[in-house]
Amino acid sequence: MSSYETLNQPQQEAVLHTEGPLLILAGAGSGKTRVLTHRIAYLIESGVSPWNILAITFTNKAADEMRQRVDRIVGTGREAVWVSTFHSACVRILRRHIDFLGFDNHFAIYDTDDQKTVIKEVCRKLNVDTKVFKEKALMAEISHYKDKLYTPEDAEKEAYDFNEKKTAAVYREYQAQLRKNNALDFDDLIMRTVELFEKHPQVLDYYQERFRYICVDEYQDTNYAQFRLVSLLAEKYRNLCVVGDDDQSIYRFRGADIRNILEFEQIFPDAKVVRLEQNYRSTQNILEAANHVIANNTERKEKRLWTENEEGDKIHFRQFLNGFEEAEYVVGEIEKLHREGRAGYRDCAVLYRTNAQSRLFEEKLLVAGIPYKIVGGINFYSRKEIKDLLAYLRTIDNAKDDVSVRRILNVPKRGIGDTTQGRVQEYADDMQVSFFDALRVAEEIPAVKRSLPKIDSFVTFIMALRTKAEVLTVRELLEDVIDSTGYAADLEKENTDEAKARLENIDELITKVQAYQDAMAERGGQATLSGFLEEVALVADIDTLDNASDYTLLMTLHSAKGLEFPYVFITGMEDGLFPGGSAIYRSESDSALQEERRLMYVGITRGMKSVTLTCARQRMLRGEVQFHNVSQFVREIPRELVDLGYAVQEKKPDREKMLQGDSVYSRMKEAFRAKPYMQESRPRAQTSVNHAEPLEYGTGDTVRHVKFGVGIVTDIKEGGRDYEVTVDFDRFGVKKMFAGFARLKKI
DNA sequence: CGTAGTTTTGTTTTT
DNA sequence: CAAAACTACG
């Protein structure tokens, strides 16, 4: 019990309040994970059976960690506590009871690729032009319906214009296809569970009894469907504890409804509210900066985090000519930190808005020999070779999974091409049977006579695998597939780098199967094919990080949520990139911008000791060079909290370049690249005295003045024949001046 | 039926 | 600048 003394006052309140609804408003770094784990431990210690506790976390990794921590405090019983993500919990429930809804318990879980395949098929069938209705857009629409628990019928009822009606029709057919394939997509996992509970009260009752104490973390990112799910489960005993921070709500695009947390007190009027506002993670400067940025948002609950930590470094801000130099600088800093023994590689994280930005950093890290890992982006499981092999496993596991069957029908090449596939599909549609069943009776289909023997041998092959699956372990089965299809053998013959990489991935897959089997054996569970496939579908990249290895992490700001690092680099701080282009334009409602700002808030508050913001003037984006201004979020940080890195070298201007990109490489590159750009801008700057012509710098740029030194341009006004420029100088404060006189130079 | 070569298209963010 | 989608040829 003594461990509770290490908690502060509100933290203790939250831990000790076990009965009835509880809302914990937990600011960034306020120790909410500690509170949650202690709360679960306290529940168990005060006699609640671990069996009766359900804790929902945002990632599987967080779930594992929480389970371990609870175990460390309580010692026993953690096995029985359910700690998992919404999706995992739902799968567990559905595997047991989905037959109530007419699905087979061996249902497949479709990922984005599979969904797209189905959508394409649906559009073809319904004669929907995918040039007009993009698959991606349709998927997003359908997903939103599901987030709100709209059935296809609901969607059709609410559809007023042509587009909406079409979308609803696609939705209906899409759901029909999924059912035919005995498959669920991610959103279905939640929606079908709610459906199960609503249609079968006895099932709901079972789980209500089972989960008398429910905890939901990251509550600000739940959508309506998840809210409904939790409400149903908690209805009976009302022991619902939700934890969240409205300032960190960053998943609105996937249906997260901030009202869930903002209106919790209305829905549960007897709820106790605890606010955790003391931050234990970051320095004062970091926290101050974060507070100032987020204060620009209007749609939020007023609050102010504070800390007893030291003041610490200022927020470092550096602007570069292009993305290469930005990456070089960041990598150089990490190298320096490591060399000077100030930080391990794992203490540094590089964050960015979009996954595409990881490339430059990856290249530079590779050259520098710094161990790193990219989180997210192209998922391991979405590589072709892996998807192919998994499609075999899925075909074996779920006889109705047409998407998988079609994928492997001609992989490896069996001489069964698109034409044949189309004819079989047509037959299957006409006769209302599954694709695989159509293959089995292919002799009935006159049009495919030529390929008949090939089809027959494929069918026999799959049937044989299914028989084997009953006696083999998952690993043995996978190895059998790799072997008997000749998949690996074909790749070996190719003998290219590409093929080698794929072979490595296949080995990796075998390793993962083995790891799954081991984990199940350790937990005393049964390793099943369904179980493995489920893990494959639901385990995100971030879940597989091991804390023991010393590598620098690269990831999106979204992925960084819930993590912390001593040294954080937030890169690509440019208007148009972050905040993203689509968030800037909408003048009507700036809620998109506010979401971006919350993302910025999340980013800054990941930092414990140091936060560095970087940006580039010039950047290659989808094959084109783009010019960007410094992100408005940088400007929202008070000037006195920012270090520009130039001030000290005022007397020796040349040194700043060495500081920025301290390799010969970078200076060569700059000379090379900068030329065309300089040629263009210099004459403009000179003539700007006469006419209001474009300046070489813009709002947010870092500039140098002969006398005042370095500063940031905060405003530019067009004043007749010249510009009036407002600059916030490092050492002289805010000055207004005419561009023609000031002869400011962009850095 | 399969492949190589060509054109088009596209960006948030994730379970 | 990619990846994906399409086309034309063997």
Side-chain angles (χ1 to χ4, degrees), chain A residues 56-63 84-91 109-113 115-117 120 130-131 134-137 139-140 143 146-147 184-191 218 221-223 225-226 249-256 323 351-360 375-379 381-384 410-423 448 450-451 454 534-543 555-562 572 576-584 592 595-596 598-600 602-603 619-626:
Chain A
I56 301 286
T57 57
F58 198 66
T59 63
N60 293 293
K61 187 175 184 243
S84 72
T85 63
F86 269 109
H87 295 269
S88 301
C90 287
V91 171
I109 301 168
Y110 277 4
D111 65 15
T112 320
D113 282 346
Q115 287 180 56
K116 203 173 167 195
T117 311
K120 264 185 198 158
T130 52
K131 290 254 156 67
K134 298 275 192 288
E135 291 99 332
K136 258 188 157 178
M139 282 163 63
S143 179
K146 293 183 177 180
D147 290 339
L184 303 186
D185 66 20
F186 287 125
D187 303 311
D188 281 337
L189 295 177
I190 315 287
M191 191 167 78
E218 306 286 6
D221 283 322
T222 52
N223 59 34
Q226 291 165 331
S249 165
I250 54 174
Y251 281 101
R252 214 184 40 162
F253 71 92
R254 102 183 164 191
L351 310 182
Y352 34 75
R353 180 66 237 269
T354 64
N355 281 303
Q357 289 165 255
S358 66
R359 269 184 99 121
L360 288 173
V375 179
I378 337 99
N379 194 314
Y381 293 109
S382 45
R383 294 170 200 208
K384 288 155 234 105
N410 202 28
V411 178
K413 300 276 169 334
R414 296 188 175 88
I416 310 173
D418 290 347
T419 335
T420 309
Q421 202 186 102
R423 284 173 185 156
V448 296
R450 188 121 73 92
S451 325
K454 297 168 191 164
E534 170 186 318
E535 196 162 296
V536 166
L538 296 182
V539 169
D541 213 5
I542 193 126
D543 299 325
M555 67 187 113
T556 61
L557 287 146
H558 282 90
S559 297
K561 193 172 77 157
L577 235 192
F578 183 36
S582 50
I584 294 180
E595 171 124 336
E596 297 278 306
R598 290 193 290 270
L599 198 52
M600 177 68 180
V602 167
R619 189 180 287 278
M620 270 290 230
L621 228 60
R622 56 168 179 247
E624 267 180 322
V625 180
Q626 304 228 306

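So you know, we letter chains A, B, ... as the sequences are listed, proteins then strands, and number each from 1. Keep in mind that this is a model prediction, so the values were computed, not measured.
- Distance, A:Lys136 NZ to C:dA3 C1': 11 Å, rounded to whole Å.
- When the P atom of B:dT11 is taken as reference, atom CZ of A:Phe253 falls 14 Å away, rounded to whole Å.
- A close approach under 4.0 Å does occur between a side-chain nitrogen or oxygen of A:Asn355 and OP1 or OP2 of B:dT14.
- Each of A:Gln421 and A:Lys131 was assigned the nucleotide of DNA chain B with the nearest heavy atom; the assignment lying further toward the 5' end belongs to A:Gln421.
- OP1 or OP2 of B:dT3 has at least one side-chain nitrogen or oxygen of A:Lys413 nearer than 4.0 Å.
- Contact between the side-chain N/O atoms of A:Asn60 and the OP1/OP2 oxygens of B:dT15 is not found at any separation under 4.0 Å.
- Counting heavy atoms from C-beta on, the side chains of A:Thr354 and A:Gln357 come closer than 4.5 Å.
- Side-chain proximity of A:Tyr251 to the nucleotides B:dT14, B:dC1, B:dT15 is greatest for B:dT14.
- At a threshold of 4.0 angstrom between heavy atoms, the contacts of A:Ser88 with the nucleic acid are absent.
- Between the OG atom in A:Ser84 and the CD1 atom in A:Ile56 there is a gap of 5.0 Å [rounded to 0.5 Å].
- Spacing between atom CD of A:Glu595 and atom P of B:dT14 amounts to 13 Å, rounded to whole angstrom units.
- You'll find that the side chain of A:Thr354 is closest to B:dT13, out of B:dT13, B:dT11, B:dC1.
- As judged by a 4.0 angstrom heavy-atom cut-off over every strand, A:Lys454 is placed among residues making no nucleic acid contact.
- Between the P atoms of C:dC6 and B:dT11, the separation comes to 15 Å (whole Å).
- Residue A:Lys134 is classed as a sugar-phosphate contact, given heavy-atom separations below 4.0 Å to backbone atoms only.
- Taking 4.5 Å as the limit, every side-chain heavy atom of A:Tyr110 sits out of range of all side-chain heavy atoms of A:Asp188.
- Within 4.0 Å (heavy atoms only), A:Arg359 reaches sugar-phosphate atoms of the nucleic acid but no base atom.
- Look at CZ on A:Arg423: it is 7 Å from P on B:dC1, rounded to the nearest Å.
- Contact annotation for A:Leu599: no contact, since no heavy-atom pair falls under 4.0 Å across all strands.
- Among the atoms of the strands shown, none is found under 4.0 Å from any heavy atom of A:Phe58.
- For A:Phe186 and A:Phe86, the distance between ring centers is not under 6.0 angstrom.
- Across all strands, A:Lys561 comes closer than 4.0 Å to no nucleic acid atom at all (heavy-atom distances).
- Between A:Asp543 and A:Arg450, the residue whose closest nucleotide on DNA chain B is further toward the 5' end is A:Arg450.
- Nucleic acid contact for A:Asn410: sugar-phosphate only, since backbone atoms but no base atoms lie under 4.0 Å from a heavy atom of the residue.
- With values rounded to the nearest 0.5 angstrom, A:Thr556 atom OG1 is found 11.5 Å from A:Lys561 atom NZ.
- The phosphate of B:dT12 (OP1 or OP2) has no side-chain N or O of A:Thr556 nearer than 4.0 angstrom.
- The separation between A:Arg252 atom CZ and B:dT14 atom P is 17 Å, rounded to whole Å.
- A donor-acceptor contact under 3.5 angstrom links the side-chain atoms of A:Arg353 to the base of B:dT12.
- Not less than 6.0 angstrom separates the ring centroid of A:Tyr352 from the ring centroid of A:His558.
- Looking at A:Asp185 and A:Lys146, a side-chain N of the basic residue comes within less than 4.0 Å of a carboxylate O on the acidic one, giving a salt bridge.
- Judged by Watson-Crick or G-U wobble contacts below 3.5 Å, the nucleotide B:dT14 has no partner.
- In this structure, A:Lys116 places its NZ atom 10 Å from C1' of C:dA3, rounding to the nearest Å.
- One can place NE2 of A:His558 at 4 Å from C1' of B:dT13, the figure rounded to the nearest angstrom.
- Rounded to a whole Å, the CD1 atom of A:Ile109 is 11 Å from the C1' atom of B:dT15.
- Looking at heavy-atom distances under 4.0 Å, A:Thr59 makes no contact with the nucleic acid at all.
- In this model, the phosphate group of B:dT13 is not approached by any side-chain N or O of A:Ser559 to a distance below 4.0 Å at OP1 or OP2.
- For B:dA4, the paired base is C:dT7 (Watson-Crick or G-U wobble, both distances below 3.5 Å).
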